[in-house]
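Take a look at the structure set out below.
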Protein chains: 2
Amino acid sequence: MPGWEEIRDSVRERIRVREWAPGALIPGEERLAADYGVARATVNRAIRALAEAGLVERRKRAGTRVAELPTRRARLEIPVIRREVEGQGRIYAFRLLSARPGGLPAEVAARLDLPAGHAALAIETLHLADGRPHAHEARWLNPAAVPPLPDFARISVNEWLVANVPVVSGEVVFLAEAALPAAAAALAIAPGAPVLVTERTTAGPDGPITFVRLSHVPGHRVNLRL
Amino acid sequence: MPGWEEIRDSVRERIRVREWAPGALIPGEERLAADYGVARATVNRAIRALAEAGLVERRKRAGTRVAELPTRRARLEIPVIRREVEGQGRIYAFRLLSARPGGLPAEVAARLDLPAGHAALAIETLHLADGRPHAHEARWLNPAAVPPLPDFARISVNEWLVANVPVVSGEVVFLAEAALPAAAAALAIAPGAPVLVTERTTAGPDGPITFVRLSHVPGHRVNLRL
DNA sequence: GCCTTTAATATGTATATACATAAAGCCGAG
DNA sequence: CTCGGCTTTATGTATATACATATTAAAGGC
């Protein structure tokens, strides 16, 4: 007697071999349940998993149809730098370069969906692996959206936020650029060297939280598992 | 009477306010079900959703505990370049630069977990947006793992694969590098310009499928929603 | 013919119940 | 004291049933 995972796999395979073409309706849950000899709830679980994976689209009364362009959604885990470094067997440390209140620059404000000049805390951090520069972090934090701040010389901003502020939405951007002077100096690399930059904006229940710009040392690879 | 989504939200909130600290056990399903006045299955659905989101970790017998480091999971949509370009209101096209059988180079073989020299199809493609170079794609395809191939001059490899081969696992790597000669020539940029490279390996039920190396035009940003 | 109301239907959720499975912890044999 | 097996327990899955909800399709009124 098949379990829901086997049914999910079976249906996925039947879609793959084009038994049901993209855009076509697949049989209803009742019908599939009878075919597979299981309860409807079991089929429901299986098909729902495929829907969450983006392979089919479901609508009440209208039934379930194979997605036209099965844009594959995969879950990826966003690395926490300390973990990433330690995972490579290296020793993590960080240096707080500066932390001071100020107004948001226009471009950062735009990304956070806040007015330019909005009160913020600007934080600059250098992340180290085995004592050598690993990444340079420029961050703007919206104090209105987070609990009272701890002493960021002792715990890294990133980690404190991850542990203390729930994120409800956000965006991650990867880009390559010639190292900017500030980052190049902090990372002790030649200005203009190609660096991988990740920009992250996050928002929580009380509004936009933070914008981070992370410049990695040349040669760094950001690794995501599907 | 609360539904599973309300219970999920309630538990998430109780975690946020530290009623249960990171690493701590939360009450069992039976207990929560009694507290909320619902059936265990309803609580199960709610907590399972939180587990899938990475906020809690569940283990049989050991119970459910709040994740120490709630490693955030983002949904990554394996980008179909055509869609991405068209989504920006630009016209997509591609040119198949070359496609020929050959043995896998050692470094690619290693990434695919196949022996060096394994039979493969090497494909080079240039993606265009509004007639201008957008990205350069170097791909190795494992013919043993996919159905018979179509004519790749008519449909892009990427799109055909996404639509026809189920992916069960894989890896995505982002890095920045000075443009290699081949990519620089194809993209019509200065050699040495900083380019964003994404490398992707995917494996399906019949083994490793493909390794793709995509060099984007300078200034390109890869965007992921959380 | 067109708009509104109503019925039919596929998926969504909730429930009680039962058994499966994994793993922690206990306990006895050696 | 250590190892292996047994028990216990929390989560995982399956089932039958019932009702909710969204949406389409049909029926009816104008």
Side-chain angles (χ1 to χ4, degrees), chain A residues 1-15 19-68 70-71 73 75, chain B residues 1-15 19-71 73 75 168:
Chain A
M1 187 183 304
W4 71 269
E5 292 183 289
E6 291 162 62
I7 292 175
R8 176 200 59 191
D9 292 347
S10 164
V11 171
R12 185 199 282 138
E13 179 63 12
R14 293 169 79 178
I15 288 172
E19 181 174 331
W20 306 299
L25 273 178
I26 75 174
E29 298 187 346
E30 207 80 59
R31 181 65 201 288
L32 287 174
D35 290 354
Y36 283 105
V38 300
R40 184 168 80 87
T42 306
V43 170
N44 181 289
R45 184 98 166 77
I47 306 293
R48 209 176 44 210
L50 292 177
E52 277 161 19
L55 202 67
V56 299
E57 284 161 9
R58 322 196 72 188
R59 275 166 59 216
K60 292 182 188 176
R61 160 73 202 193
T64 301
R65 50 185 70 238
V66 180
E68 292 280 357
T71 145
R73 280 185 232 141
R75 272 201 282 287
Chain B
M1 187 185 303
W4 71 268
E5 292 183 289
E6 291 162 65
I7 292 175
R8 176 200 60 193
D9 292 346
S10 164
V11 171
R12 186 198 282 135
E13 178 63 13
R14 294 170 77 178
I15 287 172
E19 180 173 331
W20 306 300
L25 272 177
I26 74 175
E29 298 187 347
E30 208 80 61
R31 181 65 202 286
L32 286 174
D35 291 354
Y36 283 105
V38 299
R40 183 168 80 88
T42 306
V43 169
N44 182 287
R45 185 98 166 76
I47 307 292
R48 210 176 43 210
L50 292 177
E52 277 162 19
L55 201 67
V56 300
E57 284 161 9
R58 320 195 74 188
R59 275 165 60 215
K60 291 182 189 177
R61 161 74 203 194
T64 301
R65 49 184 70 237
V66 179
E68 290 277 1
L69 208 57
T71 142
R73 294 184 188 148
R75 275 245 243 281
V168 300

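Chain identifiers are assigned alphabetically (A, B, ...) following the order of the sequence lines, protein sequences preceding nucleic acid strands; residue numbering begins at 1 within each chain.
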Result for side-chain contact (heavy atoms from CB on, under 4.5 Å) between Trp20(B) and one of Val11(B), Val56(B), Thr64(B) points to Val11(B)
Taking side-chain contact (heavy atoms from CB on, under 4.5 Å) as the test, write out the residues that go with Glu6(A), two or more places apart. Pro2(A)
Close approaches to DNA chain C from residues 40-50 of chain A, in residue order (heavy atom, under 4.0 Å): Arg40(A), Asn44(A)
DNA chain C contacts among residues 26-34 of chain A, heavy-atom distance under 4.0 Å: Gly28(A), Glu29(A)
Determine whether a donor-acceptor pair (N or O, by modelled atom type, separation under 3.5 Å) exists between the side chain of Arg65(A) and the backbone of Gly23(A). yes
Glu30(B), CD: over 12 other non-hydrogen atoms inside 6.0 angstrom: no
Arg31(B) atom CZ: more than 12 heavy-atom contacts under 6.0 Å: no
Apply side chain to side chain donor-acceptor pair (under 3.5 Å) to Glu13(B) and list each qualifying residue two or more places apart in sequence or on a separate chain. Arg16(B)
Protein N or O to nucleotides 22-26 of chain C N or O, pairs below 3.5 Å:
| residue | atom | partner | partner atom | Å |
| --- | --- | --- | --- | --- |
| dA24(C) | OP1 | Arg59(B) | NH2 | 2.0 |

Distance in angstrom units between Glu57(A) CD and dT11(C) P, rounded: 14 Å
Taking side chain as C-beta onward, heavy atoms only, is Ile7(A) less than 4.5 Å from Leu32(A)? no
Which atoms form the tightest heavy-atom contact between Arg48(A) and Arg58(A), and what is the distance? N-NH1, 4.0 Å
Closest contact, heavy atoms only, Trp4(A) versus Ala46(A): O-CB, 3.3 Å
First contact, last contact: which nucleotides of DNA chain D are these for chain A, 5' to 3', heavy-atom distance under 4.0 Å? dT13(D) to dA25(D)
Hydrogens and angles aside, do Asn44(A) and Arg40(A) bring a side-chain donor and acceptor to less than 3.5 Å of each other? no
Any donor-acceptor N or O pair under 3.5 Å, side chains Tyr36(A), Ser10(A): yes
Let me confirm one number: the CZ-OG1 distance from Arg8(B) to Thr42(B), rounded to the nearest 0.5 Å. 13.5 Å
